[in-house]
Amino acid sequence: MSSTLTPAQAWRALRDGNERFLHGAMEHPSQGLDRRSAVSSLQEPFAVVFGCSDSRVAAELVFDQGLGDLFVVRTAGHVVDTTVLGSIEYGVQVLGAPLVVVLGHDSCGAVGAAVEALRTGVMPTGFVRAVVDRVIPSVVSLTRPPAEGWAGGGSLTPTAAELGQEHVGVTVRMLQSYSAYLREGVEAGRVAVVGAEYALAEGRVRVVEVAGSVED
Ligand SMILES: [Zn+2]
């Protein structure tokens with residue numbers, strides 16, 4: 001089975017759902033007994049959402065979707081490992097979803113922890129360190145020293161908002177560099193990857209970076 005939507009149509013459905021959520025006009029689609037029964041034997045989600053595990057960034061809620069609509073992968077700070085890549089590829093390749101959304105958010109604790117670890121030199125203990133380790137490259141990429149010959153001006157200290165958005169962009173690029181299947185899908189126009197940031201207080205999802213096309 002596979003979704004019959006184009007990447008642009010899938011993104012429009014998510015954008016419309018977020019618009020409803022934003023204004024408190026949710027339709028709570030695909031949540032009735034009939035839907036539960038209909039999708040019990042097969043699923044054809046129209047999008048993969050790879051987001052932060054943050055309890056306030058629940059994919060089906062912020063996009064006003066229901067059962068069988070989204071194939072959701074979440075890790076703290078939407079950090080990538082091989083099982084994440086495999087899960088995303090499964091959603092696209094096997095289930096036929098035409099769209100992957102990387103969903104970061106403002107005030108992300110994982111990004112904050114990476115900044116703190118770089119500032120103090122103290123790493124978290126246990127496996128939390130594995131999360132922070134995977135966010136640090138995004139933070140470093142934005143705070144690297146200026147190129148040779150740089151004549152000054154501007155600030156070299158990125159804001160928390162800039163760091164969060166950079167981490168979303170880095171994640172979008174990382175998915176394509178690791179997954180040949182995704183990269184080829186984007187190049188062929190079968191798949192699009194949208195990097196987006198959710199605003200906790202406002203409820204709006206804003207686009208940070210797009211690979212492929214989601215234009216109608
Ligand atoms: Zn987060």
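Everything numeric in this text was worked out from a predicted model, so none of it was measured. We count residues from 1, following the sequence as given. Indexing begins at 1, ligand by ligand and atom by atom, following the structure's order.
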**Q** Report all side-chain donor-acceptor pairs from residues 76-89 shorter than 3.5 Å, counting only partners two or more places apart or in another chain.
**A**
unit_1, atom_1, unit_2, atom_2, d
H78, ND1, T171, OG1, 3.2
D81, OD1, T83, N, 3.1
D81, OD1, T83, OG1, 2.8
D81, OD1, V84, N, 3.0
S87, OG, T83, O, 2.8
E89, OE2, S179, OG, 2.6

**Q** What pair of heavy atoms forms the shortest contact from F46 to P98, and how long is it?
**A** O-CD, 3.1 Å

**Q** Please determine whether salt bridge (Lys or Arg N to Asp or Glu O under 4.0 Å) holds for the pair R35 and D69, giving the CA-CA distance in whole Å, both sets of side-chain angles, and the decisive distance to 0.1 Å.
**A** CA-CA 10 Å; R35 176 66 168 177; D69 291 331; 2.8 Å; yes

**Q** Should we count CD of E202 as having more than 12 external heavy atoms under 6.0 Å?
**A**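 Correct, the count exceeds 12.
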
**Q** At a cut-off of 2.8 Å, list the protein N/O/S atoms near the Zn ion (ligand 1), residue plus atom name.
**A** C52 SG, H105 NE2, C108 SG

**Q** Side chains of S141 and V170: does their closest heavy-atom pair fall under 4.5 Å?
**A**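 Side chain of S141 against side chain of V170, heavy atoms only: contact under 4.5 Å found.
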
**Q** Could you check whether any side-chain heavy atom of V62 comes within less than 4.5 Å of a side-chain heavy atom of L103, counting everything from C-beta outward?
**A** yes

